[in-house]
A.B. asks: 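Before we start, here is the structure in question, set down as structure tokens.
All heavy atoms count here, side chains included; hydrogens, waters and symmetry mates do not.
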Amino acid sequence: MTSHEPARLVRYAVDDGVATLTLDSDHNRNALSTPLMTRFLAHLAEAIADETVRVIVLDHSGKVFCSGADLKETAAAREAGQVPAAMLTDVLAALWESPKPVVARVGGPARAGGLGLIAAADIAVCRTDSTFAFSEVRLGVIPAVISATVLRRLSPRAAAELYLTGEVFDGHRAAEAGLVTRAVAADDLDATVAAFTAALVKGAPGALAGAKSLLRRRLGDDIRTELAELAGESAGYFLSDEGREGVAAFRDRRDPWWVPTVDEAT
């Protein structure tokens with residue numbers, strides 16, 4: 001077994017043909033900061049280039065799988081009239097295009113960009129008590145960039161419900177909607193992931209890559225062009241008046257101006 005220490009932002013280890021990339025930024029709920037994504041992309045490229053690696057597992061430390069974008073970084077970038085979405089498009093594309101199978105182990109909540117990572121994986125296993133939400137509309141923005149992977153997984157009716165309501169849903173609903181492959185009890189999570197990786201390493205590397213190519217063709221293969229377009233659309237919403245108000249309201253723990261008061265609703 002090889003391992004890169006000390007752990008910082010992303011840990012990387014290889015054991016018996018399985019490379020594990022562990023999001024390790026627990027202090028901000030594994031938010032997708034530029035430094036974290038930079039390291040993630042480097043380790044992912046390393047795993048893809050390593051001929052001893054047959055399967056890639058996407059794991060996390062702490063209680064949260066991934067909270068999405070680093071809001072402090074996003075706020076600072078927005079003040080400069082920018083949105084740091086470009087690197088997320090690279091991360092999602094790299095996962096989606098990986099010739100080696102990617103398995104996501106989801107042992108906690110996931111939001112925003114974290115949902116994009118899960119959808120980009122070939123197989124995703126979550127705990128039944130993990131929670132998920134496409135809460136972007138409640139912040140005055142839209143789940144644009146992650147849609148490149150997410151909408152290739154969700155059923156149309158589920159996508160409409162979850163995108164428009166922003167409601168929180170559990171692992172059972174995530175499996176029913178197509179976001180994850182399987183939802184299992186907390187005690188069964190590691191064993192289920194191990195069973196999938198044990199099955200995947202039995203596949204011939206070239207055949208696995210070819211099978212993934214077939215799957216991408218079926219789901220639409222031109223993901224980089226789509227991601228570039230979605231990144232531009234995302235930026236427009238993040239820089240809008242609604243986007244600014246939504247993020248400010250979230251930060252201040254209050255309702256944004258568009259949520260009706262009790263008097264207005266009645």
A.B. asks: Might you point out which heavy atoms bring A19 and A47 nearest each other, and give the distance in Å?
C.D. replies: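 Looking at all heavy atoms of both residues, the shortest contact is CB-CB, 3.9 Å.
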A.B. asks: What I'd like to find out is whether the side chain of E242 reaches to under 4.5 Å of the side chain of P256, using heavy atoms alone.
C.D. replies: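 Not in contact.
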A.B. asks: Hey, could you give me the CZ/OG1 distance between R224 and T89, rounded to the nearest 0.5 Å?
C.D. replies: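 Taking CZ in R224 and OG1 in T89, the distance rounds to 7.5 Å.
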A.B. asks: Should D170 and F132 count as side-chain neighbours, where that means a heavy-atom distance under 4.5 Å?
C.D. replies: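 No, too far: nothing below the 4.5 Å cut-off.
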A.B. asks: More than 12 non-hydrogen atoms from neighbouring residues, nucleotides or ligands closer than 6.0 Å to CZ on R157, yes or no?
C.D. replies: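 No, because the 6.0 Å sphere around CZ of R157 holds 12 heavy atoms or fewer from other groups.
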A.B. asks: Does T131 form a side chain to side chain donor-acceptor pair (under 3.5 Å) with R111? I'd like the steps, not just the answer.
C.D. replies: CA-CA 8 Å; T131 64; R111 300 289 188 272; 3.3 Å; yes
A.B. asks: Any side-chain heavy atom of Y163 sitting closer than 4.5 Å to one from S147?
C.D. replies: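 Yes - at least one pair of side-chain heavy atoms lies under 4.5 Å apart.
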A.B. asks: Side-chain heavy atoms under 4.5 angstrom apart, residues restricted to Ile, Leu, Val, Met, Phe, Trp, Tyr: same cluster for V102 and V14?
C.D. replies: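 They do share one cluster, since a chain of ILVMFWY contacts under 4.5 Å joins V102 to V14.
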A.B. asks: Under the rule for side chain to side chain donor-acceptor pair (under 3.5 Å), what residues qualify as partners of D187, not counting sequence neighbours?
C.D. replies: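 Result, side chain to side chain donor-acceptor pair (under 3.5 Å) vs D187: none returned.
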A.B. asks: Can you tell me how far apart CZ (R54) and CG (L208) are? Round to the nearest 0.5 Å.
C.D. replies: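 With rounding to 0.5 Å, CZ (R54) is 8.5 Å from CG (L208).
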A.B. asks: Does R29 reach the main-chain N or O of C66 with its side chain, forming a donor-acceptor pair under 3.5 Å?
C.D. replies: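 Such a contact is absent between R29 side chain and C66 backbone.
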A.B. asks: Heavy atoms, side chains only, cut-off 4.5 Å: are R216 and R152 in contact?
C.D. replies: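 In short, these two side chains do not touch, never coming nearer than 4.5 Å.
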A.B. asks: If we ignore hydrogens and angles and just use 3.5 Å, is the side chain of S33 paired with the main-chain N or O of L36 as donor and acceptor?
C.D. replies: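 At least one qualifying donor-acceptor pair exists.
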A.B. asks: Does some side-chain heavy atom of V103 sit less than 4.5 Å from a side-chain heavy atom of L200?
C.D. replies: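 The answer is yes, as the side chains (C-beta and beyond) meet within the 4.5 Å cut-off.
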A.B. asks: For the backbone of A112 and the side chain of S135, can you confirm whether one donor and one acceptor N or O come within less than 3.5 Å of each other?
C.D. replies: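 Side chain of S135 to backbone of A112, a donor-acceptor pair under 3.5 Å: no, none is there.
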A.B. asks: In Å and rounded to the nearest 0.5 Å, what is the CG to CG distance from L117 to L88?
C.D. replies: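 So the gap between those two atoms works out to 7.0 Å.
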A.B. asks: Looking at OG1 of T22 and CZ of R105, how far apart are the two atoms once the value is rounded to the nearest 0.5 Å?
C.D. replies: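 Reported to 0.5 Å precision, the distance equals 8.5 Å.
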A.B. asks: So D241 and E245, do their side chains get closer than 4.5 Å, heavy atoms only?
C.D. replies: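 A side-chain contact is absent here, since even the closest heavy-atom pair is not under 4.5 Å.
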A.B. asks: Rounded to the nearest 0.5 Å, what separation is found between the CG atom of D222 and the CD atom of E229?
C.D. replies: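 Those atoms lie 8.5 Å apart.
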A.B. asks: Judged by atom type as modelled, is there a donor-acceptor pair below 3.5 Å linking the side chain of T192 to the main-chain atoms of D188?
C.D. replies: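 Between the backbone of D188 and the side chain of T192 there is a qualifying donor-acceptor contact (under 3.5 Å).
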A.B. asks: Taking all non-hydrogen atoms of both residues, which atom of T165 and which atom of R138 are closest, and how far apart?
C.D. replies: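 Where T165 meets R138 most closely, the heavy atoms are O-NH2, 2.8 Å.
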A.B. asks: So does A231 get a backbone contact from the side chain of S234, meaning a donor-acceptor N/O pair under 3.5 Å?
C.D. replies: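 The answer is no, because no donor-acceptor pair under 3.5 Å joins these two groups.
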A.B. asks: Within a strict 4.5 Å, meaning less than it, do heavy atoms of the I56 and S98 side chains meet?
C.D. replies: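 Contact flag for I56/S98 side chains = yes.
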A.B. asks: Taking all non-hydrogen atoms of both residues into account, name the closest pair between S240 and G140 and its distance.
C.D. replies: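 Heavy atoms of S240 and G140 come nearest at OG-O, 4.1 Å.
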A.B. asks: For the residue pair F169 and F134, does the interplanar ring angle fall in the parallel (under 30°), tilted (30 to 60°) or perpendicular (over 60°) class?
C.D. replies: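 Rings of F169 and F134: parallel, as their planes differ by under 30°.
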A.B. asks: By salt bridge (charged side-chain N to carboxylate O under 4.0 Å, His left out), which residues pair with K100, not counting sequence neighbours?
C.D. replies: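 If we apply the salt bridge (charged side-chain N to carboxylate O under 4.0 Å, His left out) test to K100, skipping adjacent residues, there are no hits.
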A.B. asks: Would you kindly confirm whether W96 and L32 end up in one hydrophobic cluster when ILVMFWY residues are joined by side chain heavy atoms under 4.5 Å apart?
C.D. replies: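 Yes; tracing contacts between hydrophobic side chains, which count when under 4.5 Å, links both residues.
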A.B. asks: Below 4.5 Å, heavy atoms only, C-beta onward: do L21 and D59 meet side chain to side chain?
C.D. replies: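 A side-chain contact under 4.5 Å is absent here.
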A.B. asks: Calculate, to the nearest 0.5 Å, the distance between atoms CG and CG belonging to D24 and N30 respectively.
C.D. replies: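 Rounded to the nearest 0.5 Å, the CG-CG separation comes to 7.0 Å.
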